[in-house]
**Q** 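Would you mind keeping the following structure in view while I ask a few things?
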Amino acid sequence: MPKQRITVKDLLQSDAHGTDVHVKGWVQTKRESKNVAFIALNDGSTVHHLQSVADVAHFGEETLKKVTTGACLGVTGSLVPSQGSGQKVEVQAKEIKVYGTADPDKYPLQPKRHSMEFLREIGHLRPRTRTFGAVLRIRHAMAFAVHKYFNDNNFYYLHTPIITGSDAEGAGEMFRVTTLDARKPPLTDTGEVDYKQDFFGKATNLTVSGQLEGELGALALGNIYTFGPTFRAENSNTARHLAEFWMIEPEMAFYDLEDNMDLAEDFLKYLIRYALDNCTDDLQFLESRLIEEEKNKKQEERSPMPLLEKLRFVVDNKFERLNYTEAVDILVRSKPAQKGQFVYPVKWGTDLQSEHERYLVEKHFKKPVILVNYPKEIKSFYMKQNDDGKTVRAMDVLFPSIGEIIGGSQREEDYEKLLGRVQEMHIPMESIWWYLETRLYGTAPHAGFGLGFERLILFVTGMTNIRDVIPFPRTPQNAEF
RNA sequence: GUCGGCAUAGCUCAAUGGCGGAGCAAUCGGCUGUUAACCGAUAGGCUGCAGGUUCGAGUCCUGCUGCCGACGCCA
């Protein structure tokens, strides 16, 4: 008897008929008739189940009674061609070891479709569903592909701090990190909380972006990227926002905005192609799941194309690139604007609303769009100013249905211009001096961007809520599991 | 945070202001190999919580709580 466990994935590809195998996993369903029971087993290695066949007389009721949906089993048996049509091979069971039963009266997962809302309530068990298994395997593959892409292209993985003392980026509200007694913190003479007595001797927060530190890396190592958790204490309640999410932020010395766009497009296409090449089974499962789900929807609410076709479409087509100013022109002349169908008016100088971005991506161009050269007033202080005095070298990559997937820019490398913006925006020198010094000593043109990892996974998996593409979502009023 | 919607069996959902139901799951039985098996039966409920209107409230009204969707902030 082989002691080594073989995964369901390997088993299903095997043609070593007649050999004994040992497989372990969780029961998805059991179908039983008088003489024979069929146990569908899943071990997380693939979206497919293994069918193991158990002779009722051989095992007896006592054992088979414990084999219920959710139970964990070890099955030893002979790998044989399947008599049924659903699978090529199956395991004719000789021994069944029950590692853990799952009381069928209480186990919440059933062999049926559950709503995503219900599965969020049982976050500790939802990885056992096929849908979450598929999403989590794809998530893993995408994380691996991120590292592979950058490693193959000579980028260094830079670990930027998670606890930070700077509030410079202004990307959003921050979570305070402190060891002070929340009930009676030490106070200064003026009655403020005295963070000099805190653990780090100053006020600290969880990072909202690794970019500023990333720039330090790029201005020494050339090309770097970060890939880590990021925290925003915004009270955002949408299907696209998390309080804790993972962000990928490459930063490149000697890149201008064009280079930055080229990298962003190539990177996204590489990742999606990687999923198409390496996650075929999971993507096919998610695609058919989506088609099934959309049968209940009206024609106009259904996706314009199936998941795999949508992914191939993005890989095969060049992203549309245009200036913010051009985008505003298109929007002003658009049908919805003329008919007054936009909730928000389109005007040069204001940020584009979701409805405007969606119109450009989904109706006008019908493909990903990169918008560049935004008005400086609506963008961050560190972005390189254009000669027109009005715009900065910012870029947003917009994807269908999820909107902004990447935000980036060429950085301002001129010390005086950067200092000017810092002063205009009243950023305290004691929190930003080190950043400014990079422009004082051997400054260089450079650029970078941030890719929201979960937004990428949303797009690749076709899932609709960002809470369902991260194992343990953190959102306002929810830090369960 | 703003606006809107929803809350009924373990799950997904029905029920004109008038006796709370179905499918799935569970339990029991049947079935010669099934594919989210099939057939028969059984059991399962403080209709989210607190008030109010009414002869009568799951249904109408008020408040609270939770969830969902859209929007804002962004990635």
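Predicted model, so just to flag it, every value in this text is computed and none were measured. Chain letters run A, B, ... following the sequence lines, proteins first and then strands; every chain starts at 1.
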**Q** When the C1' atoms of C3(B) and U59(B) are considered, how many whole Å apart are they?
**A**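 Roughly 25 Å separates the two C1' atoms.
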**Q** Output the single nucleotide from G33(B), A75(B), G1(B) whose closest atom is nearest the side chain of N235(A).
**A**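 Closest nucleotide to the N235(A) side chain: G1(B).
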**Q** Under a 4.5 Å cut-off applied to non-hydrogen side-chain atoms, are S14(A) and V89(A) in contact?
**A**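 Not in contact.
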**Q** Would a distance-only check, ignoring hydrogens and angles, find a side-chain to backbone donor-acceptor pair under 3.5 Å from R455(A) to E404(A)?
**A**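 Such a contact is found between R455(A) side chain and E404(A) backbone.
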**Q** Should the pair F267(A) and F449(A) be assigned to parallel (<30°), tilted (30 to 60°) or perpendicular (>60°) ring geometry?
**A**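 Judged by the thresholds at 30° and 60°, the geometry between F267(A) and F449(A) is tilted.
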**Q** Taking atom C1' in both A7(B) and A15(B), what distance in whole Å separates the two?
**A**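 Here A7(B) and A15(B) have their C1' atoms 16 Å from each other.
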**Q** What is the nucleic acid contact for K379(A), judged by heavy atoms within less than 4.0 Å: base, sugar-phosphate only, or nothing?
**A**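 Here K379(A) touches no strand at all.
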**Q** Ring-plane angle category for Y225(A) and F150(A), please: parallel below 30°, perpendicular beyond 60°, tilted otherwise.
**A**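 Parallel, since the angle between the ring planes stays under 30°.
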**Q** For E265(A), give me all partners under salt bridge (charged side-chain N to carboxylate O under 4.0 Å, His left out), at least two apart in sequence or on another chain.
**A**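 Partners of E265(A) under the salt bridge (charged side-chain N to carboxylate O under 4.0 Å, His left out) test: K269(A), K318(A), R321(A).
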**Q** Taking the side chain as every heavy atom from C-beta outward, state whether E320(A) and H364(A) have any pair of such atoms under 4.5 Å apart.
**A**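 With C-beta onward as the side chain, the pair stays apart.
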**Q** Output the residues of residues 32-47 of chain A in contact with RNA chain B, where contact means a heavy atom of the residue under 4.0 Å from an atom of the strand; sort by number or write none.
**A**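 RNA chain B contact set from residues 32-47 of chain A: E32(A), S33(A), K34(A), N35(A), F38(A).
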**Q** I'd like the P distance from U12(B) over to G69(B), given in whole Å.
**A**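 Approximately 14 Å lies between the P atom of G69(B) and that of U12(B).
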**Q** Between protein and nucleic acid, restricted to nucleotides 24-26 of chain B and to nitrogen or oxygen atoms under 3.5 Å apart, what atom pairs and distances do you find?
**A**
unit_1 : atom_1 : unit_2  : atom_2 : d
A25(B) : O4'    : Q110(A) : OE1    : 3.4
A26(B) : O2'    : D105(A) : OD1    : 2.7

**Q** Once you round it to whole Å, what is the distance between P of C13(B) and CZ of F118(A)?
**A**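 F118(A) atom CZ is separated from C13(B) atom P by 12 Å.
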**Q** Rounding to the closest angstrom, what is the interatomic distance between G51(B) and C28(B) at atom P?
**A**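 After rounding to an integer number of Å, I get 41 Å for this pair.
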**Q** Do N323(A) and T325(A) have side-chain N/O donor and acceptor atoms under 3.5 Å apart?
**A**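 There is no such pair between these side chains.
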**Q** Between the protein and nucleotides 3-6 of chain B, list every N/O to N/O distance that falls short of 3.5 Å.
**A**
none

**Q** One thing to verify: whether D281(A) and K9(A) come together as a salt bridge, which I'm taking to mean a side-chain N less than 4.0 angstrom from a carboxylate O.
**A**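 No, this pair does not count.
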**Q** Which whole number of Å gives the distance between the C1' atom of C39(B) and that of G45(B)?
**A**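 It comes out at 28 Å once rounded to the nearest Å.
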**Q** So that I can compare with my own list, what are the stems of RNA chain B, taken as at least three consecutive Watson-Crick or G-U pairs with distances under 3.5 Å?
**A**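 Correct response: B:1-7 with B:65-71, B:10-13 with B:21-24, B:26-30 with B:38-42, B:48-52 with B:60-64.
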**Q** Does E292(A) come within less than 4.0 Å of R113(A), counting only side-chain N to carboxylate O?
**A**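 Here E292(A) does not pair with R113(A) in a salt bridge, since their nearest N and O are not under 4.0 Å apart.
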**Q** Return the 5'-most residue of the pair R120(A), E404(A) with respect to RNA chain B, ranking by each residue's nearest nucleotide.
**A**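 Of the two residues, R120(A) wins.
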**Q** For the pair made of CD1 in I466(A) and P in A75(B), what is the distance, rounded to whole Å?
**A**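 That distance rounds to 12 Å.
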**Q** Under 4.0 Å between a Lys/Arg side-chain N and an Asp/Glu carboxylate O for K379(A) and D396(A)?
**A**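 Salt bridge between K379(A) and D396(A), a charged N being under 4.0 Å from a carboxylate O: yes.
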**Q** Using the ring pair (Phe, Tyr, Trp, His ring centres under 6.0 Å) definition, which of the options F227(A), F245(A), W246(A) pairs with F453(A)?
**A**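 So the option named by the test is F227(A).
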**Q** Check the distance between A36(B)'s P and R130(A)'s CZ and give it to me in whole angstrom.
**A**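 To the nearest whole Å, that distance equals 8 Å.
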**Q** Classify the ring geometry of Y149(A) against Y270(A): parallel below 30°, tilted from 30° to 60°, perpendicular beyond 60°.
**A**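 Because their plane-to-plane angle lies in the 30° to 60° range, the rings of Y149(A) and Y270(A) count as tilted.
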**Q** Sort and list the pairs that fulfil salt bridge (Lys or Arg N to Asp or Glu O under 4.0 Å) and have at least one residue in residues 115-134 of chain A, not counting sequence neighbours.
**A**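 For residues 115-134 of chain A: R120(A)-D468(A), R126(A)-D468(A).
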**Q** Any chance CZ of F118(A) has more than 12 other-residue heavy atoms, nucleotides or ligands included, within less than 6.0 Å?
**A**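 Result for CZ/F118(A): enclosed.
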**Q** How close do A327(A) and L371(A) get, heavy atom to heavy atom, and via which atoms?
**A**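 Heavy atoms of A327(A) and L371(A) come nearest at CB-CD2, 3.6 Å.
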**Q** When you check the phosphate oxygens OP1 and OP2 of U34(B), does a side-chain N or O of R31(A) lie under 4.0 Å from one of them?
**A**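 So the side-chain polar atoms of R31(A) never come under 4.0 Å of the phosphate oxygens OP1 or OP2 of U34(B).
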**Q** Can you tell me whether the side chain of R455(A) and the base of C74(B) have a donor-acceptor pair closer than 3.5 Å?
**A**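 For R455(A), whose side chain was compared with the base of C74(B), there is a donor-acceptor pair (under 3.5 Å).
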**Q** Of the candidate nucleotides C11(B), G69(B), A36(B), which contains the atom at the shortest distance from the side chain of R113(A)?
**A**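 The closest nucleotide is A36(B).
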**Q** What interatomic distance, in whole Å, is found between C1' of U62(B) and the corresponding atom of G10(B)?
**A**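 Pairwise C1' distance, G10(B) against U62(B), rounds to 32 Å.
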**Q** Could you check L271(A), I272(A), V469(A) and say which one makes a side-chain contact (heavy atoms from CB on, under 4.5 Å) with V460(A)?
**A**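 Result: among L271(A), I272(A), V469(A), I272(A) is the only option passing the side-chain contact (heavy atoms from CB on, under 4.5 Å) with V460(A).
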**Q** Parallel under 30°, tilted from 30 to 60°, perpendicular over 60°: which one fits the rings of F144(A) and H140(A)?
**A**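 Plane angle under 30°, so parallel.
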**Q** W348(A) vs Y324(A) aromatic rings, parallel, tilted or perpendicular, using cut-offs 30° and 60°?
**A**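 Geometry flag for Y324(A) against W348(A): perpendicular rings.
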**Q** For the P atoms, the ones on G17(B) and on C6(B), what distance do you get once it is rounded to whole angstrom?
**A**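 Those two atoms are separated by 14 Å.
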**Q** Roughly how far apart, to the nearest Å, are C13(B) and G18(B) at atom P?
**A**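 Taking atom P in both C13(B) and G18(B), they lie 23 Å apart.
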**Q** Side-chain donor-acceptor pair under 3.5 Å between S33(A) and R31(A), yes or no?
**A**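 There is no such pair (donor and acceptor under 3.5 Å, judged by atom type) between the side chains of S33(A) and R31(A).
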**Q** For L398(A) and C74(B), what is the distance between atoms CG and P respectively, to the nearest whole Å?
**A**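 Distance, rounded to whole Å: 14 Å.
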**Q** Measure CG/N478(A) against C1'/U65(B) and give the value in whole Å, please.
**A**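 Value for this atom pair: 15 Å.
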**Q** I need the full list of salt bridge (Lys or Arg N to Asp or Glu O under 4.0 Å) pairs touching residues 48-68 of chain A, with sequence neighbours left out, sorted by first then second residue.
**A**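 Residue pairs passing salt bridge (Lys or Arg N to Asp or Glu O under 4.0 Å), neighbours aside: none found.
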**Q** Within residues 81-90 of chain A, which residues have any heavy atom lying less than 4.0 Å from an atom of RNA chain B?
**A**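 Hits under 4.0 Å, by residue number: S82(A), Q83(A), G84(A), S85(A), G86(A), Q87(A), E90(A).
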**Q** Using a strict heavy-atom distance below 4.0 Å, which residues from residues 236-248 of chain A are in contact with RNA chain B?
**A**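 Those residues are S236(A), N237(A), T238(A), R240(A), H241(A), L242(A), F245(A), M247(A).
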**Q** If I take atom CG in residue L451(A) and atom P in nucleotide A75(B), what distance separates them, rounded to the nearest angstrom?
**A**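 Going from L451(A) (CG) to A75(B) (P), I get 11 Å.
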**Q** Where along residues 335-360 of chain A does a heavy atom fall under 4.0 Å from RNA chain B?
**A**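 Within residues 335-360 of chain A, the residues near RNA chain B are Y344(A), Q353(A), S354(A).
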**Q** Does a salt bridge link E234(A) with R232(A), judged by any charged N lying under 4.0 Å from a carboxylate O?
**A**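 No, E234(A) and R232(A) are not salt-bridged.
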**Q** Between E355(A) and Y344(A), do the side chains contain an N or O donor and an N or O acceptor separated by less than 3.5 Å?
**A**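 Short answer, no.
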**Q** CZ of R467(A) versus C1' of G69(B): gap in Å, rounded?
**A**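 So the two atoms are 11 Å apart, to the nearest Å.
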**Q** Could you tell me the separation between the CD atom of E234(A) and the P atom of G1(B), rounded to a whole number of Å?
**A**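 Distance check: E234(A) CD to G1(B) P gives 12 Å.
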**Q** Mind checking Q51(A) for me? I need base, sugar-phosphate or nothing, with any heavy atom below 4.0 Å counting as a touch.
**A**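 Since a base atom lies under 4.0 Å of Q51(A), the category is base.
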**Q** Distance alone, cut at 3.5 Å: any donor-acceptor contact between the side chains of Y382(A) and E215(A)?
**A**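 Judged by distance alone, the side chains do not pair up.
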**Q** For K148(A), enumerate each residue passing the side chain to side chain donor-acceptor pair (under 3.5 Å) test, keeping only those at least two apart in sequence or located in another chain.
**A**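 Only D152(A) meet the side chain to side chain donor-acceptor pair (under 3.5 Å) criterion with K148(A).
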**Q** Of the residues in residues 133-147 of chain A, which ones touch RNA chain B at a heavy-atom distance under 4.0 Å?
**A**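 Close to the strand, none.
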